Amino acid sequence: MEKHLTANELRQKFIDFFVSKEHTQISGASLIPENDPTVLFTTAGMHPLVPYILGADHPAGKRLVNYQKCIRTGDIEAVGDPHHLTFFEMLGNWSLGDYFKEEAIAYSHEFLTEVLGLDIDELSVTVFAGDDEVPRDDVAFEMWKSLGVPEDRIYFLGREDNWWGPAGETGPCGPDTEMFIDTGRPSCGDDCRPGCSCGKYFEIWNDVFMGYKKNSDGSYEEMSRKCVDTGMGIERTTAILQGKQSVYETEVFAPIIAEIERLSSKRYGDDEAHDTSIRILADHVRTSVFILGDQRGVAPSNVGQGYILRRLIRRAVRHGHKLGIEGAFLSALAPIVFDLYSAPYPELLHNQHFVLKELAGEEAKFSDTLAKGEREFEKMLPNLMKGKDRIISGRTAFKLYDTYGYPLELTIELAAEHGFTVDEAGFKAAFEKHQEISRSGASQQFKGGLADHSERTTALHTATHLLHQALRMVLGDHVGQKGSNITVDRLRFDFTHPSAMTSEEIKRVEEIVNEQITRDLPISFETMTLKEAQEAGAIALFEGRYDEQVKVYSAGDFSKEVCGGPHVAHTGLLGHFKITKEQSSSAGVRRIRAILE
Ligand code: SER
């Protein structure tokens, strides 16, 4: 099976198909989720839509379609093989309380066979086998059968295969049906089935029947309004359609890899170790450009998204050096990513200056780190030479890694040059101990559950709108939102402003917000196009298409802001507003933390 469909063509065909089925195309969201403390990046097309799957009305209607940039960084170290990617694009169509299983499957079938031209014999599907809590999905089974998929290629599988979500600890979830291309290769044994890792079957699409909501006590509640959420990964699907063995062989990676080959004078396909480095470099540079070039792009740092970005850039630099590339190279690769993606993601071009500056800065800094690590190593050498064996302890190797950012592999290389080996097991033990500590920190982040729209976070969200408007009144209209993050305890708001706020300014902002709370303003929303919202003077990022329908929330006559909600009914419910901290976030950006008492 070879259908020469490029990623751009697949993206467009998918959108056109669902628009022809009365779906409205909505913009994809930022890679940096807003008001969701539970995950660092947008991981699926459904992620920004969680409040609507849980019941809120979406301003664009009940049938939606889009393409969404996604990042999954669960296991960065796994990237390097021919299949893993940290960044990918997901195509999705949604029914928000409109059609359900049968129509969703019929659409998937029509798209696969009529638009992509797949033969029904090339498809295998899986459906939910049922368990104590949720019954077997006979509806999905019968539907696939009626569309011509023979029974022996419809597999009933359990929760680990055919249940999706929730994305965090709580939220919408349900049984799914997954579609696989059968490559026609012989099966690897009697147990071989879709989902098997032997490479006979490739998953291309997942239709999730969002019928349940998982609560924080672990219970599942059936939702009265059922939704469909589907996801198709663009890179994987095009690779499979093109008959390629790997996503790295498709046109979205070819020009990046060609430039790496030119810079390094190595050829992709010649040497397995080099191939791994080439893939790592190609993947990480693409993801880094998307994080930096996002509409809410962040710079490398030691926390949150900035830390992931830093790790990606450093890993890319290291593998660039391994390939023998000399001098700075990331800013030579980034423009290729702009060329490939600026049509579907115009924000990349708007932010290209920032992207190039930050990439070059981090690359230079890390090259310094490498030099510093080498100096430290040289300093240690005389002492090491005094020891009776030629082994560098795990603790020493870990110290170089942890304090100077000097990677183990380089310590091993350097050690070998001086006739030493490294106690890798000791390094691993020190590393794991360290990871346990940071993991227990990270797991805190998932406590809130995805889309924890409890009363407290809703109240803080409304307070954020009041704060935003008050800041504009006190500091000026140049104040624009750069980020917002809400937990059940506090709000955090990043905004553009060149200097620290004075204590009078902070006090004045608090007073204004508390006045609006005392006035007990009603909160309401209207649906309009983004253009109308701008004309009405609403605050917004103005990042999507201007003809797109959006919700505009008003707090009485005080504030008007484009936002998905939810909000409290009237400001009197908020309590007393207090700013607990005002500090710098990055150049030209201030950060406020505030609470409701
Ligand atoms: N949410 C599902 C996924 O990520 C389908 O969109 O695969």
Side-chain angles (χ1 to χ4, degrees), residues 10-11 14-15 17-18 23 25-29 31 33 36 38-54 58 63-75 83-101 103-105 107-109 111-112 125-128 137 140 157 159-181 194-195 201-214 220 223 226-238 240 247 446 449-451:
L10 175 64
R11 195 189 300 107
F14 189 94
I15 302 286
F17 175 78
F18 282 100
H23 289 61
Q25 183 185 354
I26 57 168
S27 298
L31 274 170
D36 184 351
T38 65
V39 281
L40 289 175
F41 293 104
T42 300
T43 55
M46 62 78 75
H47 189 166
L49 293 171
V50 167
Y52 306 103
I53 296 174
L54 288 175
H58 193 288
R63 292 172 171 233
L64 310 175
V65 61
N66 81 0
Y67 57 93
Q68 173 66 51
K69 13 180 210 183
C70 300
I71 289 185
R72 295 186 184 177
T73 53
D75 199 359
H83 307 295
H84 279 85
L85 294 174
T86 49
F87 171 90
F88 65 100
E89 293 183 79
M90 191 184 280
L91 295 163
N93 60 286
W94 291 272
S95 154
L96 301 173
D98 190 29
Y99 59 85
F100 202 43
K101 293 180 185 178
E103 265 171 290
I105 292 174
Y107 287 146
S108 292
H109 172 264
F111 183 73
L112 293 175
V125 300
T126 61
V127 297
F128 184 54
D137 199 345
L157 300 177
R159 244 178 221 258
E160 54 291 357
D161 289 286
N162 281 88
W163 184 273
W164 201 90
E169 279 197 356
T170 63
C173 52
D176 65 28
T177 179
E178 299 183 8
M179 290 147 261
F180 291 79
I181 301 262
Y201 299 98
F202 280 99
E203 185 198 335
I204 51 166
W205 203 352
N206 184 8
D207 290 358
V208 186
F209 306 122
M210 295 284 187
Y212 297 84
K213 177 175 170 239
K214 189 174 179 194
Y220 290 90
M223 296 196 291
K226 308 238 183 321
C227 297
V228 173
D229 151 49
T230 92
M232 175 186 275
I234 290 191
E235 291 83 350
R236 266 180 82 84
T237 305
T238 37
I240 295 156
V247 287
F446 287 87
L450 190 66

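Numbering of ligands and ligand atoms starts at 1, following listing order. All values reported here derive from a predicted model rather than from experimental measurement.
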Subject >> Structural part of Thr43 in contact with ligand 1, heavy atom criterion under 4.0 angstrom >> reply: neither
Original post:
What part of Glu203, side chain from CB on, backbone N/CA/C/O, both or neither, has a heavy atom under 4.0 Å from ligand 1?
Top reply: neither
Using a 4.0 Å cutoff against the non-hydrogen atoms of [X], which atoms of ligand 1 qualify?
X	value
Ala44	4 (O)
Met46	1 (N)
Val208	2 (C), 5 (C)
Arg72	4 (O)
Gly231	5 (C), 6 (O)
Thr230	5 (C), 6 (O)

Subject >> Any donor-acceptor N or O pair under 3.5 Å, side chains Asn93, Thr230 >> reply: yes
**OP:** With Arg159 as the cation and Tyr220 as the aromatic partner, state whether NZ or CZ is under 6.0 Å from the six-membered ring centre and within 45° of the axis.
**Re:** yes
Original post:
Of all the heavy atoms in His47, does at least one lie under 4.0 Å from an atom in ligand 1?
Top reply: no
Subject >> Any Met210 heavy atom less than 4.0 Å from ligand 1 >> reply: no
Non-hydrogen side-chain atoms of [X] and [Y] separated by less than 4.5 Å:
X	Y	answer
Met90	Phe88	yes
Leu96	Ile53	yes
Phe17	His23	no
Trp94	Met46	yes

Original post:
Between Trp205 and Phe111, is a side-chain contact (heavy atoms from CB on, under 4.5 Å) present by the stated rule, with each step listed?
Top reply: CA-CA 11 Å; Trp205 203 352; Phe111 183 73; 3.8 Å; yes
Original post:
Measuring from Lys226:NZ to Met210:CE, what's the distance to the nearest 0.5 Å?
Top reply: 13.0 Å
Original post:
Considering only the protein, which heavy-atom contact is closest to atom 1 (N) of ligand 1, and what is its distance?
Top reply: Asp229 OD2, 2.8 Å
Original post:
Please state which protein non-hydrogen atom is closest to atom 4 (O) of ligand 1 and give its distance, to 0.1 Å?
Top reply: Trp164 CZ2, 3.2 Å
